[in-house]
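Following: one structure in structure tokens, then a few remarks.
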Amino acid sequence: MKPASQFQKLLLQLDYLNSSQKQEVEKAYELADLAHKNVMRESGDPYITHPLAVAQTLAHLKLDAETIIAGLLHDVVEDTDIALEKISKDFSPDVARLVDGVTKLEKIRIKRSSNFLPDFFARKKEERFSFEQHVDSLRKMLLATVNDMRVILIKLADRLHNMQTLGEARPDKRGRKAQETLEIYAPIAHRLGIGEFKGQLEDLSFPFVYPNEYKNLQDLVGDKLKQHETYVENLISTMKNYLIEQGVEISDIHGRAKHMYSLFLKLRRYNNDLSKIYDLIAIRIIVPTVSDCYQALGLIHGKWNPLIGRIKDYISLPKPNGYQSLHTTIFGPEGEIVEVQIRTKEMHEHAERGVAAHWHYKQKGKNNEANKSAVKLIEDLSQLSEKIKDPDEFKSSLNLDFLKDRIFVFTPGGDIIDLPAEATIIDFAYAIHSDIGNGATGAKINGKIAPLHTELSNGDIVEISTSHRSTPRRDWLKFVKTARARNHIKSRLGLN
Ligand code: MN
């Protein structure tokens, strides 16, 4: 699509903004268009199509004018010579802060253990961050983000578009980007309750991270999905007529196919037995009020037998991320088993948009349950930022629940190394480079000398001393946790 017509589409989406806000958006588009002039994406499209796509996603979430403007400008400070001061002056300090937040998030690089870090020791000592400075800059970044969740939303929209166009990216980049998306961004979207982002991010990453499993799943599910679709469509129309007949007002009823990646995870838990998956396509019913939800549930159970133990009341007991809905699983015609989800429009919006729904409702001045849980979530995160006044507490608060199987450890240069929980200093050294692993003689954790078998924890800053005359010790094999470290040690010692 031509940028100009893509922008017209964006304007149409922004019908919830007033005309002076729309003028500001147009001004931002013109600035971004000029700044990225003659720059192309790897696909060959003009660069501006990317910030436009990001703004469109944010508009779809019905976010405010500042977020849309910051979305259009999110890459100009990083990639062009437009300064933050100009954005602050031309738009507002808040817009500048949002752009700055996204630019800073860009600089936090997650290094996979397989990545080479060539300039680790090439850096001059004074260029390396000291521990305090490093913690401080991270703290600032986290605080900035926590104070303004919109930064994360822009970053997620950015990642979503990069994933949508990943097929056009350099092949060597794809795997790492997809993995990062699956392990970092999708869980963040989930934690923020943005189901729409989570599902898309996972499904876009899936074929790149697990190509064979993805293909097998397609083969396994393909035909079944088609048959099931027709069946569910028929059941939907019967159910709809029945509920209306019984006096329930239905705002919407539709079938909803399970996302591929979450199906993949579920099938693994059920030994790939597809007949155990009842929500391959779930029926979703949207009704006006909470009492309509329970009424619809009762009526459905009266007509179609429910499966024992499968009735879940997430309205009375919402999920930790604020998700609300009634779930039940019923025997449909011919004994086929189907999951039904019943919720109000507000609950639905919250399930799809999570914290993003918060701004939406704030503008409308509504005070409903979905809004309250969004507010609660933001409060939880703000408390987290309160707690991080001292470095030790900060480290433990970095250990958010969505990162529980991984730890993130820093090099003195500020790069993040992503390792499995319980990884040791030696795993860290090999994750940076095999020469650093092989030559490791000693280490400091957060400035203090520590033995090489020490297990690392989230947020540790680790400095390795090496000697090119040194070789790995056989007893390292007793405590290392990563295959990478194990293989390098064995091969260096000639044990293969
Ligand atoms: Mn971008």
Side-chain angles (χ1 to χ4, degrees), residues 1 3 6-7 9-10 13 25 27-61 63-84 86-87 91 94-110 141 144-145 148-170 172-186 188-189 192 194 196-198 200-201 204-205 208 356 416:
M1 198 189 300
Q6 196 183 354
F7 178 66
K9 261 189 114 173
L10 171 65
Q13 283 180 269
V25 170
K27 202 169 90 185
Y29 166 62
E30 279 159 9
L31 178 63
D33 192 28
L34 197 68
H36 296 297
K37 199 143 210 89
N38 300 327
V39 182
M40 299 293 161
R41 299 269 290 169
E42 274 164 337
S43 61
D45 290 332
Y47 195 87
I48 187 68
T49 56
H50 166 64
L52 273 171
V54 170
Q56 282 186 290
T57 299
L58 298 167
H60 172 70
L61 293 175
L63 290 164
D64 60 5
E66 286 179 337
T67 314
I68 306 294
I69 292 168
L72 286 168
L73 299 174
H74 81 272
D75 276 330
V76 301
V77 174
E78 178 82 359
D79 297 345
T80 76
D81 37 59
I82 307 266
L84 274 178
K86 180 173 168 58
I87 294 174
F91 298 93
D94 269 352
V95 171
R97 258 194 294 278
L98 291 174
V99 173
D100 189 37
V102 179
T103 309
K104 279 184 181 143
L105 277 187
E106 200 62 46
K107 294 203 174 113
I108 296 263
R109 286 170 296 164
I110 309 289
M141 190 208 69
T145 340
D148 207 328
M149 196 64 67
R150 294 176 297 177
V151 170
I152 296 189
L153 297 175
I154 297 168
K155 186 66 204 163
L156 288 174
D158 175 49
R159 181 49 65 116
L160 184 62
H161 185 247
N162 286 334
M163 289 306 297
Q164 281 162 345
T165 51
L166 192 66
E168 291 146 5
R170 279 198 348 242
D172 59 314
K173 272 193 193 170
R174 290 178 199 158
R176 186 176 60 84
K177 285 260 178 220
Q179 185 124 26
E180 208 177 77
T181 303
L182 206 54
E183 291 183 14
I184 312 284
Y185 291 97
I188 289 176
L192 298 179
I194 315 171
E196 231 173 320
F197 276 2
K198 179 200 174 244
Q200 285 189 67
L201 288 171
L204 289 164
S205 313
F208 294 100
I416 300 180

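Just so it is clear, the structure is predicted and the values come from calculations on it, not from any experiment. Note that ligands are numbered from 1 as they come in the structure, with each ligand's atoms numbered from 1 the same way. These values consider heavy atoms only, across backbone and side chains, with no hydrogens, waters or symmetry-generated copies.
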Could you pull out all donor-acceptor pairs under 3.5 Å where a side-chain atom in residues 30-39 meets a protein atom, sequence neighbours excluded?
none

Angle at the Mn ion (ligand 1): provide the value between OD2 of Asp75 and NE2 of His50, rounding to 10 degrees.
90°
Tell me which N, O or S atom of His74 sits nearest to the Mn ion (ligand 1).
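Closest N, O or S atom of His74 to the Mn ion (ligand 1): NE2.
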The Mn ion (ligand 1) - closest N/O/S atom in Asp158:
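The closest N, O or S atom of Asp158 to the Mn ion (ligand 1) is OD1.
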Taking only residues two or more places apart in sequence, or in another chain, which ones meet Arg174 in a salt bridge (Lys or Arg N to Asp or Glu O under 4.0 Å)?
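Applying salt bridge (Lys or Arg N to Asp or Glu O under 4.0 Å) to Arg174 gives none.
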Side-chain donor/acceptor of Thr165 to backbone N/O of His161, under 3.5 Å
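Present.
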Using the salt bridge (Lys or Arg N to Asp or Glu O under 4.0 Å) rule, take Glu168 and Arg41 through it: C-alpha gap first, then chi angles, then the decisive distance, then the call.
CA-CA 9 Å; Glu168 291 146 5; Arg41 299 269 290 169; over 6 Å; no
